[in-house]
Amino acid sequence: MATAKVASAVTASQLSSKPSHEVIIGDALLSDAAAIALIGANTFTAAFGFSVPANDLAAFLAATYSAEAVEAEILNAQKTNTSTFVARDESGEVLGFVQLVRSLSDPCLTGDESTHAELRRLYVSTTAHGRGIGSKLIAAVESKAKAEGFKTLWLTVWEENANAQRLYQRLGYVKVGETEFATGDCIQTDYVFSKKSW
């Protein structure tokens, strides 16, 4: 999906005086934990903070998007069957991240659960929106899941996040059900989307 075009004589950045916005997708490093935590906390707060009581939001962010929590996820990746991918610009700055969680399913999905994998926590820095970074991160997860033999890739998206729903639908994901998402005592509805044999 997100493939680079090969230029025979000149590159696109040489044709324009605008700065390059090359994005490199790779595995998260332990040294990326603080940047991932900051993007996760800022993006989650911007998208959902208004809908969650302040104390529930603060507790969720501390448990999920502190540098220590992200470091623990990266260190325990093999044990939890989770890979975290980051998008970096040409200077190495982390612009976004996404996770692939292997052999995890949801009750609304059909088929052999061992062939299911979850696309989790797709977050792009608000300063980098509109550059196709989310689509590139999704493509990285899809490629890895396909290479590992998974047949169904699924994700959840907040029922009120219409922009994300449109992105996933444009990329071939279909709504297959609903689930609850807890942020402290606040319970919200997420839609479950899946894509089979992509």
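Atom set for the values below is all heavy atoms of this structure, side chains included, hydrogens, waters and symmetry mates excluded.
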Q.
Any side-chain to backbone donor/acceptor pair from N81 onto V101? Under 3.5 Å, distance only.
A. no
Q | Atom of F85, atom of L100 and distance for their closest heavy-atom approach | A | CE1-CB, 4.1 Å
Q. Do V176 and Y168 belong to the same hydrophobic cluster, where Ile, Leu, Val, Met, Phe, Trp and Tyr are linked whenever their side-chain heavy atoms lie under 4.5 Å apart, directly or via other members?
A. no
Q: Output, in order, the C-alpha distance, side-chain angles, deciding distance and verdict of side chain to side chain contact (heavy atoms under 4.5 Å, CB included) for L104 and W154.
A: CA-CA 9 Å; L104 185 66; W154 67 280; 4.1 Å; yes
Q) Looking only at heavy atoms, which two atoms of A37 and A67 are closest? And how far apart? A) CB-N, 3.7 Å
Q | Contacts of type ring pair (Phe, Tyr, Trp, His ring centres under 6.0 Å), residue Y191, not counting sequence neighbours | A | none
Q: Please determine which of R102, Q99, K144 meets the side chain to side chain donor-acceptor pair (under 3.5 Å) test together with S83.
A: R102
Q: Report the hydrophobic cluster partners of I36, with the cluster defined as I, L, V, M, F, W, Y residues connected by side-chain heavy atoms closer than 4.5 angstrom, directly or transitively.
A: L30, I39, F44, F48, F50, V52, L57, F60, L61, Y65, V70, I74, L75, V86, V94, F97, Y123, W158, F181
Q: Rounded to the nearest 0.5 Å, what's the gap from NZ on K196 to OG1 on T115? Could you check?
A: 7.5 Å
Q: Go through the structure and list residues passing salt bridge (Lys or Arg N to Asp or Glu O under 4.0 Å) with E73, not counting sequence neighbours.
A: R121
Q. Does L38 sit in a hydrophobic cluster with other residues, and if so which ones, taking ILVMFWY side chains as linked at heavy-atom separations under 4.5 Å, directly or through other members?
A. none
Q. Is the closest side-chain heavy-atom distance between F150 and S103 below 4.5 Å?
A. yes
Q. Rounded to the nearest 0.5 Å, how far apart are OG1 of T152 and NE2 of H116?
A. 4.0 Å
Q. What residues, two or more places apart in sequence or in another chain, satisfy side chain to side chain donor-acceptor pair (under 3.5 Å) together with R120?
A. E118
(Q) Could you walk me through whether V98 and I138 satisfy the side chain to side chain contact (heavy atoms under 4.5 Å, CB included) test, starting with their C-alpha distance in whole Å, then the side-chain angles of each, then the deciding distance to 0.1 Å, before giving a yes or no? (A) CA-CA 7 Å; V98 68; I138 292 168; 5.6 Å; no
Q) Quick one: are D27 and T84 in side-chain contact, heavy atoms under 4.5 Å? A) no
Q: Ignoring hydrogens and angles, tell me if any N or O in the side chain of N161 forms a donor-acceptor pair with the backbone of V157 under 3.5 Å.
A: no
Q. Do the side chain of S66 and the main chain of A69 share a donor and acceptor less than 3.5 angstrom apart?
A. yes
**Q.** S51 to Q188 - nearest heavy-atom pair and separation
**A.** OG-NE2, 2.9 Å
Q) Hey, does the side chain of D106 reach the backbone of L109 with a donor-acceptor pair shorter than 3.5 angstrom? A) no
Q | Verdict with reasoning, Y173 to L153, per side chain to side chain contact (heavy atoms under 4.5 Å, CB included) | A | CA-CA 9 Å; Y173 290 82; L153 192 59; 3.2 Å; yes
Q: Report the distance from atom OG of S91 to atom CD1 of I24, rounding to the nearest 0.5 Å.
A: 9.0 Å
Q. Looking at R88 and L95, what are the two nearest heavy atoms and their distance?
A. C-CD1, 4.2 Å
Q | Main-chain N/O of E22 paired to E90 side chain as donor or acceptor, under 3.5 Å | A | yes
Q | Distance (rounded to the nearest 0.5 Å) between T156 OG1 and D190 CG | A | 4.5 Å
**Q.** From T189 atom OG1 to E160 atom CD, the distance as rounded to the nearest 0.5 Å
**A.** 9.0 Å
**Q.** Partners passing side chain to side chain donor-acceptor pair (under 3.5 Å) against T80 (at least two apart in sequence or in another chain)
**A.** T82
Q.
Please evaluate residues S135 and R170 with respect to the criterion side chain to side chain contact (heavy atoms under 4.5 Å, CB included), reporting the C-alpha separation (whole Å), side-chain torsions for both, the decisive distance (0.1 Å), and the verdict.
A. CA-CA 10 Å; S135 295; R170 189 177 78 241; 3.8 Å; yes
Q. Once you round to the nearest 0.5 Å, how far does OG of S194 lie from NZ of K151?
A. 15.0 Å
**Q.** Heavy-atom pair with the smallest gap, counting every atom of E178 and V192
**A.** C-CG2, 4.1 Å
